[in-house]
Amino acid sequence: MPEFDVIVLGTGPKVRNIHILIRDQTRSSPAEFSSNSISALETSRQECVLSGLMSVNGKKVLHMDSNPYYGGESASISPLEELYKRFQVPAPAKSMGTGKDWNVDLIPKFLLANGQLVKMLLYTEVTRYLDFKVIEGSFVYKGGKIHKVPCTETETHNSDLMGMFDKRRFRKFMSFILNFEENDPRTHHDMDPHRTTMRDVFRHFDLGDDVMEFTGHALALHINDDYLEQPCLMTINRIKLYSESLARYNLSPYLYPLFGLGELPQGFVRLSAVYGNSYLLNRRVDEILTEDGRVSAVRSEGEVFRCKQLICDPSYAPERVKKAGRVIRVICLLNHPIKNTHDANSCQIIIPQTHLNRKSDIYVCLLSYAHNVAAEGKYVAVVSTMVETCNPEKEVQPGLALLEPIMEKFVSVSNLMVPTDDGRRSQIFVSRSCDHTPHFESETDDILDLYRRVTGSEFIFRDPRDTDADGDSDE
């Protein structure tokens with residue numbers, strides 16, 4: 001009976017996946033690893049990144065997935081005919097171009113150029129297998145119009161998001177943000193970053209509600225207004241991250257991989273091969289076994305794999321998760337860019353909640369042939385938000401209206417599940433479902449949280465090659 005340190009289970013659309021196994025003894029088969037093993041992860045995005053982090057730290061990883069493809073619920077679908085089959089829609093028209101030219105992400109999310117996820121990709125060196133391209137614009141919807149989020153001094157001066165006096169105050173506010181250092185009280189303007197609320201910071205600079213709104217939602221990327229009554233440090237750091245990411249490429253702070261997010265798990269497959277680890281597809285999970293309240297094994301296709309820890313998708317531990325809401329996503333295929341976005345081939349549009357008397361923002365993200373995810377001259381837009389009524393499709397109409405005319409659309413509504421405990425007692429660690437945002441910030445938080453729960457320590461960005469040197473210096 002094989003024994004492992006960790007087994008990871010997950011789920012893709014409509015099917016179950018077992019995603020990782022790690023063994024205590026050195027053997028030659030993919031399912032048997034050395035005592036230095038610690039983790040094995042599913043092929044959806046959070047678990048793939050975690051497996052890379054574990055791999056470069058010298059851990060042996062085996063991924064198992066019951067799907068015949070990588071990515072789970074966040075897979076990239078190609079050719080286009082497969083997307084139509086998935087949503088039970090008649091075959092695409094010839095005007096859609098060649099099916100193999102399409103790589104449609106079910107849950108597209110942009111990467112902040114200076115964000116934690118990019119740093120993780122650099123740390124694992126999986127970027128050797130990926131090519132990224134900058135997203136061409138970031139916009140916010142206000143007063144019935146699409147406005148570019150101002151990126152430069154000139155754009156701020158010309159922006160109609162703010163009045164003349166607010167522009168001057170906003171420049172002073174951004175100067176404060178960019179010069180802010182948590183450990184230097186001289187940069188705090190007599191405010192305590194751990195106690196002063198963000199609302200009070202806005203008041204300090206005499207900024208109006210409109211400026212507060214696009215700053216909090218389009219720059220700090222908050223999903224609601226709860227941040228206004230919370231200590232300002234988190235929001236200041238989020239705005240600094242946006243600004244630092246923007247400074248790298250100027251067009252926008254966002255990146256996206258060529259050929260879609262399906263390249264991420266495939267990149268980690270190649271990384272695993274470099275470190276001597278393996279991926280196995282089409283593997284069924286039958287039962288999770290426990291002893292005295294702690295995970296002990298997983299039964300799969302007649303085999304029992306003993307383990308000390310288990311990482312799983314919410315569908316495998318329904319008694320350990322709760323429903324935090326529902327998410328609606330509408331994938332739209334277009335033959336034109338979005339109006340009033342300067343013909344951007346890729347962009348993000350945020351429709352703040354207050355304009356629609358909602359609790360959640362509506363997001364629109366656009367990709368195209370420029371990122372090799374669509375046929376020449378074609379575009380893929382996704383509208384997403386949290387469901388707040390019994391008519392989800394009606395809720396996203398403000399976003400869909402910005403995309404007209406739409407050639408084809410595919411609607412999905414899914415539950416947003418979150419774990420109810422940290423897994424330390426049972427050693428069963430459950431990840432979160434993907435939320436409605438079009439960027440990776442919440443998923444990155446989940447990755448770091450899972451790493452902390454599994455290993456018992458914070459993840460520190462460092463060159464893994466320094467480990468041996470540290471060990472030598474301690475002797």
Side-chain angles (χ1 to χ4, degrees), residues 112 114-116 138 140-143 147 149-151 156 159 161-163 165-246 253 324-325 348 350-363 385-386 388 416 418 432 435-446 448-449 452 458:
L112 280 168
N114 206 44
Q116 296 277 60
S138 179
V140 64
Y141 184 83
K142 175 195 170 189
H147 304 265
V149 177
C151 302
T156 299
S159 175
L161 278 171
M162 299 170 277
F165 295 111
D166 263 338
K167 289 176 181 177
R168 186 169 15 178
R169 297 168 188 144
F170 181 70
R171 285 195 291 268
K172 291 181 179 179
F173 168 75
M174 287 303 296
S175 176
F176 159 72
I177 293 290
L178 296 178
N179 290 306
F180 177 88
E181 295 292 341
E182 182 179 356
N183 297 321
D184 186 356
R186 294 173 298 177
T187 67
H188 296 177
H189 284 217
D190 297 323
M191 293 181 286
D192 184 346
H194 299 282
R195 302 186 67 176
T196 304
T197 68
M198 197 62 207
R199 187 184 297 278
D200 288 337
V201 174
F202 286 134
R203 285 174 179 165
H204 178 83
F205 289 93
D206 197 23
L207 295 174
D209 290 342
D210 288 343
V211 179
M212 290 168 54
E213 182 179 71
F214 91 77
T215 301
H217 291 255
L219 300 183
L221 302 178
H222 287 298
I223 61 175
N224 54 47
D225 287 339
D226 293 349
Y227 77 95
L228 288 171
E229 309 305 330
Q230 297 171 354
C232 64
L233 179 61
M234 174 180 64
T235 299
I236 290 173
N237 286 334
R238 290 171 76 108
I239 298 173
K240 283 175 69 75
L241 172 60
Y242 185 98
S243 299
E244 291 165 357
S245 298
L246 177 64
Q348 172 188 268
I350 297 176
I351 307 178
Q353 58 191 43
T354 53
H355 289 283
L356 306 170
N357 295 317
R358 291 176 50 80
K359 298 177 182 177
S360 304
D361 294 345
I362 295 176
Y363 298 96
T385 191
M386 293 295 295
E388 298 179 8
L416 176 62
V418 299
R432 297 170 57 97
D435 68 8
H436 62 301
T437 61
H439 50 75
F440 267 109
E441 292 310 285
S442 57
E443 280 195 28
T444 302
D445 290 341
D446 191 35
L448 293 173
D449 180 54
R452 184 186 309 113
E458 299 287 341

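When reading the values below, keep in mind they use all heavy atoms of this one structure, side chains included, and skip hydrogens, waters and symmetry mates. This is a predicted model, so every value here is computed, not measured.
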Could you check whether any side-chain heavy atom of [X] comes within less than 4.5 Å of a side-chain heavy atom of [Y], counting everything from C-beta outward?
X: Ile362; Y: Arg358; result: yes
X: Glu388; Y: Ser360; result: yes
X: Ile223; Y: Tyr363; result: yes
X: Asp210; Y: Met162; result: no
X: Leu221; Y: Arg238; result: yes
X: Met174; Y: Ser243; result: yes

Residues [X] and [Y]: side-chain donor-acceptor under 3.5 angstrom:
X: Thr197; Y: Gln230; value: no
X: Asp184; Y: Thr187; value: no
X: Thr235; Y: His222; value: yes
X: Ser442; Y: Arg432; value: no
X: His217; Y: Asp225; value: yes

Item checked: Residues that Asp206 engages under salt bridge (Lys or Arg N to Asp or Glu O under 4.0 Å), provided they are two or more places apart ->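 With neighbours one apart ignored, the set is Arg169.
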Margin query: One thing to verify: whether Arg452 and Glu458 come together as a salt bridge, which I'm taking to mean a side-chain N less than 4.0 angstrom from a carboxylate O.
Written below: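 Salt bridge: yes.
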Any donor-acceptor pair under 3.5 Å linking the side chain of [X] with the backbone of [Y]?
X: His188; Y: Glu182; value: yes
X: Lys172; Y: Lys167; value: no
X: His147; Y: Lys142; value: yes

Note to self: Counting neighbours of CZ on Arg171 that are heavy atoms of other residues, nucleotides or ligands and sit closer than 6.0 Å, is the number greater than 12?
What the structure shows: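 For Arg171, atom CZ is crowded (more than 12 foreign heavy atoms under 6.0 Å).
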Next item on the list: Any chance you could measure Leu207, atom CG, to Met212, atom CE, to the nearest 0.5 Å?
Entry: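 So the gap between those two atoms works out to 8.5 Å.
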Margin query: Could you check, using the six-membered ring where one of them is a Trp, whether Phe173 and Phe202 have ring centers closer than 6.0 angstrom?
Written below: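 Yes, they do, as the ring centres are separated by less than 6.0 Å.
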Check: For the ring pair Phe214 and Tyr141, is the centre-to-centre distance below 6.0 Å?
Finding: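 No; Tyr141 has its ring centre 6.0 Å or more from that of Phe214.
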